[in-house]
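Remember, predicted model here, so these are calculated numbers, not experimental data.
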Amino acid sequence: MVNILFRELEVPNIREYDVYRANDGYKALEKAVSMKPSEVIDIVKASNLRGRGGAGFPTGVKWSFIPQAEPVKYVTVNCDESETGTFKDRQIMENNPHQLIEGALICAYAIQATAVYIYLRGEFWDIAHELDKRIEEARAAGFMGQNIGGSGFSCEVYTHLGAGAYICGEESALIESIEGKLGQPRVRPPFPAQKGGGLYGEPTVVNNVETLTNVPWILNNGADAFKAIGTEQSAGTKIFCVSGHVNKPGNYELPMGTTFRELIYDYAGGIPGDRAVKAILPSGGSGPIVPGTDEVLDTKLTYEDMAKVGTILGSASVIVMDDTVDIAWVASKTIKFFKHESCGKCTPCREGTFWLDKVLDRIMRGDAKESDIDLIVNIAKNMAGVTLCALGDFAANPVIHTVRLFADDFKAHIAKPAAATPAPAPTVRSARRDAAAAAQG
């Protein structure tokens with residue numbers, strides 16, 4: 001098993017600069033600054049490294065979008081890590097911080113950026129303080145600042161704390177937050193890679209922590225070595241964050257192409273009480289739910305194979321649910337999360353999450369009609385594809401796909417029509433009264 005990211009499993013205390021340096025630390029950066037920036041981009045392209053933050057976009061291609069002629073450019077590292085069930089980036093920063101810093105600096109050299117901003121969610125204040133110490137260690141060793149490695153390339157690295165908003169995981173909202181503005185997505189174009197669309201209006205690369213931490217390994221070992229791990233279209237290893245009904249929840253760095261069955265039973269220890277898997281959320285609350293069928297369990301965890309079963313790999317926050325779980329309850333809880341985290345900028349998302357939450361509450365109380373199930377699906381479909389960022393789609397998924405696959409769980413909450421009350425039996429007095437009325441009529 002290759003540990004590209006979780007190197008602390010093989011090298012104790014690799015978080016410390018001296019230990020990291022003794023184990024090929026900053027060797028890849030030294031190699032990078034001896035090359036042309038375009039050559040570094042070509043190696044990352046050839047490795048087929050895809051973005052590990054959720055979108056899965058080819059990393060080298062993303063870097064190549066940056067116009068080299070622009071004098072000021074930036075790299076921003078996305079460590080907002082706010083997706084439900086995701087807790088991988090935190091482990092990297094706690095245990096292998098220098099490899100992240102090195103990867104970010106290699107990216108900065110490849111696009112000739114003047115600064116790197118590592119954006120952390122507000123709850124990561126303790127990690128940010130520790131990361132600042134590691135940054136100073138690298139600066140003292142000459143790996144950032146002026147004239148890195150005598151190459152003539154200069155770059156600084158900074159940390160920036162957000163305020164714990166889910167929406168700031170979206171790249172343009174992240175940029176807005178760094179600039180001190182309200183964390184809301186921008187209208188695009190221009191895109192972050194373009195002049196006017198990035199940080200402070202300059203071309204900017206936004207990459208996830210896990211993505212950039214792969215880069216030093218790729219430069220040290222070569223693109224072919226990285227492609228030899230995983231599958232043809234989804235190369236390398238991936239960190240799978242496993243939670244829910246498993247015996248051993250946690251982070252597992254495994255080759256792309258590992259199946260759900262292997263992940264759940266071979267690594268995460270199976271289901272407590274040997275119960276059956278009812279459903280899986282492969283990418284936290286944002287991706288479509290899938291049933292725990294043999295077909296799904298034997299599906300490879302890759303970007304392309306997830307699409308075959310109607311879902312996405314995303315950040316690979318795998319939430320497992322056994323056969324005791326009420327999927328209507330799952331939908332209700334997930335919608336409450338997205339309602340709380342919607343930035344409110346787009347009407348379909350702001351109003352849609354409000355009404356989904358309201359109707360789902362009615363369903364969960366047992367006060368709804370069966371037509372309310374159709375109503376929430378209709379609301380969700382009118383949210384999908386019409387918002388500035390993907391949160392509208394993410395909030396629609398928990399309804400559209402749970403109702404499609406687990407309709408009976410919703411119907412179980414529908415109020416049953418009250419039984420007709422039988423007419424009271426006639427008494428002697430009422431019979432005489434009725435007879436008298438008939439005689440008068």
Side-chain angles (χ1 to χ4, degrees), residues 29 32 37 51-55 59 62-63 65-67 70-82 89-90 92-93 97-139 143-146 148 153-186 190-216:
L29 178 59
R52 301 306 202 233
T59 304
K62 192 173 192 178
W63 294 4
F65 290 158
I66 300 294
E70 292 294 334
V72 179
K73 297 176 282 286
Y74 298 109
V75 172
T76 57
V77 183
N78 189 344
C79 188
D80 187 65
E81 190 155 64
S82 48
D89 295 341
R90 178 179 190 128
I92 290 173
M93 290 188 296
H98 282 288
Q99 191 164 320
L100 165 63
I101 296 167
E102 184 178 12
L105 285 165
I106 292 169
C107 174
Y109 177 76
I111 69 165
Q112 294 292 285
T114 54
V116 172
Y117 291 88
I118 302 176
Y119 182 93
L120 303 95
R121 65 182 295 103
E123 294 85 346
F124 287 175
W125 58 269
D126 54 337
I127 300 176
H129 292 325
E130 186 65 23
L131 200 55
D132 284 337
K133 296 178 185 177
R134 306 305 175 190
I135 289 169
E136 289 308 313
E137 290 172 348
R139 180 178 284 108
F143 290 115
M144 69 182 68
Q146 298 297 310
I148 296 173
F153 171 66
S154 301
C155 186
E156 291 292 342
V157 179
Y158 308 98
T159 58
H160 182 96
L161 280 169
Y166 176 88
I167 193 64
C168 290
E170 192 276 333
E171 60 181 12
S172 67
L174 181 153
I175 290 169
E176 290 280 286
S177 180
I178 293 177
E179 292 181 358
K181 302 172 186 173
L182 190 63
Q184 291 185 326
R186 293 175 174 176
F191 294 93
Q194 298 172 314
K195 179 74 173 180
L199 184 62
Y200 306 121
E202 304 297 344
T204 303
V205 160
V206 184
N207 276 142
N208 176 257
V209 167
E210 184 184 354
T211 307
L212 291 173
T213 307
N214 277 286
V215 172

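- Only one option out of L120, V77, I101 pairs with M93 in a side-chain contact (heavy atoms from CB on, under 4.5 Å); it is L120.
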(message) The test is side-chain contact (heavy atoms from CB on, under 4.5 Å); show your working for M144 and C155 and say whether it passes.
(response) CA-CA 6 Å; M144 69 182 68; C155 186; 5.8 Å; no

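- Between the side chain of T159 and the backbone N or O of I118, no donor-acceptor pair lies under 3.5 Å.
- No side-chain donor-acceptor contact under 3.5 Å links K195 to the backbone of P190.
- Smallest separation of non-hydrogen atoms from A108 and V116: CB-CG2, 3.9 Å.
- The existence of a salt bridge linking E136 and K133 is excluded, since no basic side-chain nitrogen approaches an acidic carboxylate oxygen closer than 4.0 Å.
- Residue L174 holds its CG atom at 12.5 Å from OH of Y117, rounded to the nearest 0.5 Å.
- Contact record, L105 with F143: CD1-O, 3.2 Å, taken as the closest heavy-atom pair.
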(request) Could you give me the CA-CA distance, side-chain angles and deciding distance for E202 and T114, then say whether side-chain contact (heavy atoms from CB on, under 4.5 Å) is met? (result) CA-CA 11 Å; E202 304 297 344; T114 54; over 6 Å; no

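- By the 4.5 Å heavy-atom criterion applied to side chains, Q112 and E70 are not counted as neighbours.
- Considering CG of L100 and OG1 of T213, their distance stands at 4.5 Å, rounded to 0.5 Å.
- Residues G162 and S177 come closest through the heavy atom pair CA-OG, 4.4 Å.
- Summarising the geometry of P97 relative to L131, their closest heavy-atom pair is CB-CD1, 3.7 Å, with the distance given to 0.1 Å.
- Panel note: side chain E81, backbone D89; a donor-acceptor pair is recorded below 3.5 Å.
- Contact check on R90 versus D126 returns a salt bridge, with a Lys/Arg side-chain nitrogen under 4.0 Å from an Asp/Glu carboxylate oxygen.
- In this view, E179 and I175, E176, K181, R186, L199, Y200 satisfy the side chain to side chain contact (heavy atoms under 4.5 Å, CB included) rule, not counting sequence neighbours.
- Closest heavy-atom contact between I167 and P185: CG1-CD, 3.9 Å.
- Across all their heavy atoms, L212 and C107 have their closest contact at CD2-CB, 3.9 Å.
- The side chain to side chain contact (heavy atoms under 4.5 Å, CB included) check on D80 picks up N78, S82, Y119, R121, C168, with sequence neighbours excluded.
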(message) Pair S172, E170 - check side chain to side chain donor-acceptor pair (under 3.5 Å), show working.
(response) CA-CA 6 Å; S172 67; E170 192 276 333; 2.6 Å; yes

